[in-house]
S.K.: 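Got a structure for you, written out below as structure tokens; questions coming shortly.
Each chain gets a letter, A, B and so on, in the order the sequences are listed, and its residues count up from 1.
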Number of protein chains: 2
Amino acid sequence: MGKVERTPRDVRSRGTGEARILRAAERNFARYGLAGATLAQIARDAGMSTAALHYHYRDKETLYRAVLEHILRLWLDETAVIEPGNDPRRALEAYVRAKMRFARIFPDASKIFASEVLGGAQRIAPFLADVLRPLVDAKSSVITGWSRAGKLRTLDPRHLLFVIWGATEFYANFAAEIEVVAASSTQDVRFMEEAEDTVVAIVLEGVLPRR
Amino acid sequence: MGKVERTPRDVRSRGTGEARILRAAERNFARYGLAGATLAQIARDAGMSTAALHYHYRDKETLYRAVLEHILRLWLDETAVIEPGNDPRRALEAYVRAKMRFARIFPDASKIFASEVLGGAQRIAPFLADVLRPLVDAKSSVITGWSRAGKLRTLDPRHLLFVIWGATEFYANFAAEIEVVAASSTQDVRFMEEAEDTVVAIVLEGVLPRR
DNA sequence: GTCTATATTTTGATAGAC
DNA sequence: GTCTATCAAAATATAGAC
């Protein structure tokens, strides 16, 4: 036969060593938390020994921080639609839908972020202070501008953002609870479309002026 | 002097042994999670040795389940106001305010519950299935009844509940994030009153019919 | 880069005195 | 009921060969 190229042995060995480790670590940290996840299990999932894992990442803390950074890059800036020139109705609808899609597509990222904040958010404090806070301040100004122009009810824009964050991230972080009390999976497309429409409706009617 | 009565030695020794342990365990599990919390630290906080702790609770799992049960009893049924005869506006406002107060007064309970759900909710599955789900079903019927009577917009009542839960519990579980991006403490009364009013306003305007 | 084997540390849990 | 001392298990991290 012709020349042998890259030889993927099995599913777990897709991609480079670091990528496999990061994927495995993300799953495990999301499921068990930083303290609950074990390097032995992560190494197994990545298809290598713990020694090999330590070759790529000095220690558990270093690996965890690498996962966090990977996640924060995913924490895409969907707030881009919140701009002064845009129509508040369209902008907020697009933002809520983007957040809901994120919750469905990257539940592990959401859970790790939630777990880190639950534990005090010390490791992501720089991100919160240097990236998220300026973003919140900027978008708050935009929202306040909409209110002053009579396009939106008068409210503290930060709490509007918190309501949107709380509601949308709930579908990722509390999926286990939802599946029991709603008897539906957060991976079920129809169910999540209804969820999306309902959240959009409540938020829009909740903030747009009465007509 | 007169006869010596109960002799409180220091602050940590208030109450009976079990109560002191439960309080210390609640703090530690909320801060570090089940896997992250250590019995040594819990015992220290409770003012006793790990051996004494093991005398009261066989093992870590037993202690954790005791904390969970204590918390689930706290998970008061504030949904009591959601009754067919009541006015939806007053009922939903009362419910949201009760949930917000709970988030401020019992943040540790909220965090432990969140951490457990994040981890799969396996230990509280019976509670979710036997208590919370029937409650959700019953209250969903009430809300649907309000909608049919034209007192409320038409929507899936479960998603309304999820929006309320997500938004209100966000203030407890993501307090560390809020304190950085909003530069306000979730223990600050003024800040939380504004939060409460904003969440109430969005939810009410979001679900009440247009006038 | 990855392995096997092993060292080190942490932590949960027990024994036995008081 | 609580203590000191200790054990046992689990998990992190390293050594050294390949």
S.K.: What I want to find out is whether B:R190 reaches B:D188 closely enough, with some N-O distance under 4.0 Å, to be called a salt bridge.
M.R.: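 Not counted as a salt bridge, because no side-chain N and carboxylate O are separated by less than 4.0 Å.
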S.K.: Which of residues 52-66 of chain A have a heavy atom under 4.0 Å from DNA chain C?
M.R.: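 Hits under 4.0 Å, by residue number: A:A52, A:Y55, A:H56.
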S.K.: When you measure from the side chain of B:K139 to the backbone N and O of B:I82, does any donor-acceptor pair fall under 3.5 Å?
M.R.: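 Between the backbone of B:I82 and the side chain of B:K139 there is a qualifying donor-acceptor contact (under 3.5 Å).
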S.K.: Rounded to whole Å, please give me the gap between CE in A:M48 and P in C:dT2.
M.R.: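 That distance rounds to 5 Å.
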S.K.: Measure centre to centre between the rings of A:H159 and B:F191, then say whether the value is under 6.0 Å.
M.R.: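 Here the rings of B:F191 and A:H159 have centres that are less than 6.0 Å from each other.
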S.K.: Show the numbers, then the answer: is there a side-chain hydrogen bond (donor to acceptor under 3.5 Å, both in side chains) between B:D59 and B:T62?
M.R.: CA-CA 5 Å; B:D59 52 26; B:T62 304; 2.6 Å; yes
S.K.: Give the table of side-chain donor-acceptor pairs shorter than 3.5 Å for residues 70-78 of chain A, with sequence neighbours excluded, one pair per line with atom names and distance.
M.R.:
residue	atom	partner	partner atom	Å
A:H70	ND1	A:E26	OE1	3.0
A:D77	OD1	A:T79	N	3.1
A:D77	OD1	A:T79	OG1	2.2

S.K.: May I ask you to evaluate whether B:S49 reaches the phosphate of D:dC3, defined as a side-chain N or O under 4.0 Å from OP1 or OP2?
M.R.: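 True: B:S49 side-chain N/O within range (under 4.0 Å) of D:dC3 OP1/OP2.
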S.K.: Is there a residue in residues 25-38 of chain B whose heavy atoms reach under 4.0 Å of DNA chain C, and which residues are they?
M.R.: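 Per residue number, the list reads B:A37, B:T38.
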S.K.: Begin with the C-alpha distance, continue with both residues' side-chain angles, and end with the deciding distance and a verdict on side-chain hydrogen bond (donor to acceptor under 3.5 Å, both in side chains) for B:Y32 and B:Q41.
M.R.: CA-CA 11 Å; B:Y32 307 109; B:Q41 184 61 46; over 6 Å; no
S.K.: Per the side chain to side chain contact (heavy atoms under 4.5 Å, CB included) rule, which among A:D45, A:L34, A:I112 passes with A:N28?
M.R.: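 Among A:D45, A:L34, A:I112, the one that satisfies the side chain to side chain contact (heavy atoms under 4.5 Å, CB included) with A:N28 is A:D45.
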S.K.: In terms of the nearest nucleotide of DNA chain D, which residue is placed more toward the 5' end: B:T50 or B:E18?
M.R.: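 So the residue in question is B:E18.
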S.K.: Does the distance from a Lys or Arg side-chain N to an Asp or Glu carboxylate O, for A:R89 and A:E93, drop under 4.0 Å?
M.R.: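 The answer is no: the pair does not qualify as a salt bridge.
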